[in-house]
Every structure is written in C-alpha cells, then in structure tokens.
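Remember, it's 1-based here, ligands and their atoms both numbered in the order they're listed.
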Amino acid sequence: MLLTITTTHTPATDLGYLLHKNPARVQSFNLSFGQAHVFYPEASDLRCTAALLLDVDPVALVRGPRGEGRTLAQYVNDRPYIASSFLSVAIAQVFGSALKGRCVDRPDLVDRPIPLEATVSVLPCRDGEPFIRRLFEPLGYSVAAERVPLDTVFPDWGDSQYFEVRLAGTVRLSELLGHLYVLAAALDPQKDHYIGDDEVNKLVRRGEGWLSSHPDRDIIVRRYLNYRGPQVRDALAQLTQDEPIDMEESSAQGDQLEDETFERRGRLHDMRLGAVLDVMKQAGARRVLDLGCGGGKLLALLLKDGQFAEILGMDVSYRALERAQFSLKLDRLPPMKRSRINLIQGSLIYRDKRLEGYDAAAVVEVIEHLDPGRLAAFERVLFEFARPGTVVITTPNREFNSLFETLPEGSLRHRDHRFEWTRAEFEEWAQAACVRFGYAVELLPVGPEHPDLGAPSQMAVFTKR
Ligand code: SAH
C-alpha cells in the first residue's frame, strides 16, 4: 500500500519540516501489523513528494492476539495492498505531529493551506467512483479515481472494487492527513481496529472542523464505527451539538469548519482587528457588541482596553463560544474585569432584545457566512432593532483573491463563504442599507493596497444619523 503526498508550494522541501521527516533519508517504523517506510522519490524546491509505504505482514496478523481460529483466507487476502484502517493507524503513528498540526521547526507553515496532491495506490470502494467523489469533493479536493482491473492478464475477469485515487487541493497538511485518516478507515470494509469509546473520541478529534458539516457525515460515522449503534449515536451527538436550532440557517455551520479562514490567521487578521478596535475607540463607545465573535480575538482586545465598560460577544455556535471562554480565561479573570464581559449564544438573523442599547457593534468576517437570502433579515436585526450608534463590518475583497498565490482561481477564501464581494458590491449593499435605516457609511481598505485590485479586506463604518 502506497500513499504519496506531493506539494508544489515553494520551497517544496518544506514538506520535510511539515512531516517531520528528512527528505534525504529513508526511515522505517515497526507497527503492530508490519512496517512503514517513509522516503522521498523527489525533493526539489519546486516539487517534493513524500511516500508512505506500508508493508503489512499478513502472517503476523494471523498469529497476533486476534488471529485465533483463522483460515487460509486470513493469510491470502487484500490487506497488504489496500488503504485500510492500517493506513489510518500508520498516519497517526508515523505522521502524528503533522496530523495534529504541530511543527516545532517551522510553526508558521502549519496553518498555511498549500497546494497538495495525495495519491492512494489502492482504495477499496464497493460503491464505486461516485461515492469516492461524494466523500472527498465536499472537502475541497478535485478527485480522480481510476478503477483497478481485477487482473491485467485476464481483462475479461472484469473490474475490481479497488481504485487508484488522486486528490488535489489547497489545504493544510494536517487537514489532508485528518481527511485520509477518517475516510480510509470509513471505506475499509473490514476494520481491524477495536472500536471502543476511544475510537469515538479519535473520530471526533480527527473530524474536527469538517466532519460535522460534511454532507455524508452520518454515513462516514456509521462506517467508521462499523455500525455500532451506541458509539455511532455518541459520535453523532458530539458532532452535532452545536448545530443551528433553525435547520434552515445553514450559515451557522461556518464555525464547524475552523474559525480560521484562508487568511484569517496571521497579520492580516491582526490588522483588521486593529482597524476595528480603532474605530470603536474613536467613536467613544463604552458599551460594545462583537457579533459573530468566533473564538474571541476581538473580545480579548476590547477587554484589554478600559474604555469598553460593557462588552457582549455573540455567536450562533456554542463551540465557538466555548473556545472564546477558554481563550479569554473567563473563569480566571479578576471579578472587576469579568463583570465587563458577557458571551451569549444567538443568531444574527433573528431579532434579539439583548442586543439593544449599545454604542457600537463589530461584525468581523461574518456577513459572508450568511445566505444571501438572509441578508435582509440581518440588516433589520442590526440596523433597525439593535441600532447601535456605530457599526463596523468587515468582509473580504474578492478582487484581491487573484493575488493569493495558493488560492485556486475562482475559489473563495473559505468553504463556508456564501459570497465574497468586490469593493463596488460591498459599497452598493452598504449604501442601500444606509438609505433604508438612516445611517451614513464610510468604506475603507484593510491591509496593503494593490493599485487596481484594492486591499485584501474591506471595512464599512456606519454611523447613525
Ligand atoms: N469575528 C470572528 C469570527 C469570524 S468567523 C473573527 O473575526 O475572528 C464567522 C463567525 O460567524 C463564526 O464564529 C460563526 O459561528 C459566526 N456566525 C455565522 N453565522 C452566524 C449567525 N447567523 N449569527 C451569529 N453568528 C454567526
């Protein structure tokens, strides 16, 4: 069984840092079912490929503790050749740090989506190519799956249930490994791992940020857990705990993917938050809202500044609020500071009395997660009912996307973005809202400006007339 991972990110040999495996050496690892070897068939600055070769030992398997009473079929089978739950085990053991998204030498690399291509030499799938596509395409990969003939000498024996699968996409390496970890095990018709409570935890952990919003989530969970009812129920309960109450409000799933978008981490986001904070300070706001607060980065800045006497963070996602609570260390704040901030769960498309009477509201990188059909409701909730004196809204500037090296042409910056506006589109929307609700607006660039395409992000500052 061979898995190769190729990148054309430059320098491509960064892959060695990300995988914690030196491109210059062949390394071998003893695993319970055989050996794993890691080597690099190619390693140049422009293109680098890492290969994980699994040498599954069927005899050792049969002789192992679970081998009693086995027959010839246990010795002569496809286990050595196919991607199975053994691949998942090997990924976790050989590429454990990369799977967890850790990289001591180059921490800056880990969070960056880079162009990656993975080839799995033999992936079993009884349901054929369409099912392979259904599993991987929603995760942002372009998928090529070629059926392996049953026998090359006797082609009339027909097709096998095996596919050579190639996935290409711009993702973080840890995401790719997590996807392969879960989906190889889910496709394995004969799972060898023991399915205990720990397996449920592993699934939830490895599925974080994508499994809960995968259209085939339930099938994946059932197959991964070998249709064991209690475990399946437990996993699904954990994965769906912060699903929107209103099922139509699919926009809420934004958070289930990580809070970080394509470029929400790092300098640009810091600049954006700095710009928003400045506006709220200049406006002299004391009571402030952070709507769609996510993991609470803006809240942390607001809390640091004594001007903001009352801070309310709202998000539709319970999990995002938990993250915010954790990162703000709310339960360990001194009482005075603690009394300045509150977190509530709520949705921006329903009128909410708790949002009334504030001086300023920030809505940072949220609007593009709303379904266009819900924008009118959002406008009324914000400008008509909550009606703060100042409103700051930020959103990506789509025109700038072509300048992101690693963003495939025509794609948006995050899987959950429902749209991304050009500067003209954002302005048109903002001006219309002003007319309807009695505000004035100023539009500003955020981040370094390109002469034709503008800045990566844009900000609208509304002031009540
Ligand atoms: N403002 C944060 C998070 C942006 S991510 C930051 O800049 O870091 C978008 C956030 O909007 C997610 O946390 C998501 O849960 C939230 N969100 C999406 N739809 C929402 C809705 N209808 N009401 C409230 N929050 C929503």
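Each of the following atoms of ligand 1 lies closer than 4.0 Å to a heavy atom of Leu370: 19 (N), 22 (N). Below 4.0 Å from some heavy atom of Cys293 lie the following atoms of ligand 1, by number and element: 2 (C). Near His369, with a cut-off below 4.0 Å to any heavy atom, the atoms of ligand 1 are 9 (C). Atoms of ligand 1 lying under 4.0 Å from at least one heavy atom of Gly346, given by number and element, are 23 (N), 24 (C). For ligand 1, the atoms lying closer than 4.0 Å to a non-hydrogen atom of Ser317 are 15 (O).
Residue contacts with ligand 1 do not include Ala362, since none of its heavy atoms lies under 4.0 Å from the ligand. The closest approach between Glu365 and ligand 1 falls below 4.0 Å for a heavy atom of the residue.
Between Ser347 and ligand 1, at least one N/O pair is under 3.5 Å apart. For ligand 1, the polar-atom distance check against Leu273 finds no nitrogen or oxygen pair separated by under 3.5 Å.
The minimum heavy-atom distance between Tyr439 and Gly389, with the atom names listed, is CE2-O, 4.1 Å.
Nearest to atom 21 (C) of ligand 1 by heavy-atom distance, out of Ile349, Leu348, Val366, Leu299, is Leu348.
For the side chain to side chain donor-acceptor pair (under 3.5 Å) with Thr49, the lone residue among Thr6, Thr4, Thr7 that qualifies is Thr6.
The distance from atom OH of Tyr181 to atom OG of Ser85, rounded to the nearest 0.5 Å, is 9.5 Å.
Within a 6.0 Å radius of CD in Glu384, more than 12 heavy atoms belonging to other residues, nucleotides or ligands are found.
Within the 3.5 Å criterion, the main-chain N or O of Thr395 finds a donor-acceptor partner in the side chain of Glu365.
At a heavy-atom cutoff of 4.0 Å, ligand 1 is contacted by no atom of Asp290, backbone or side chain. Here His269 has side-chain heavy atoms under 4.0 Å from ligand 1, and that is the only part of it that gets that close.
Considering only residues two or more places apart in sequence or on other chains, Glu310 meets the side-chain hydrogen bond (donor to acceptor under 3.5 Å, both in side chains) condition with Arg287. Applying the side-chain contact (heavy atoms from CB on, under 4.5 Å) rule to Glu425 yields the partners Arg398, Trp421, Thr422; only residues at least two apart in sequence or on another chain are considered.
A 4.5 Å side-chain heavy-atom check between Phe95 and His20 finds every atom pair outside the cut-off.
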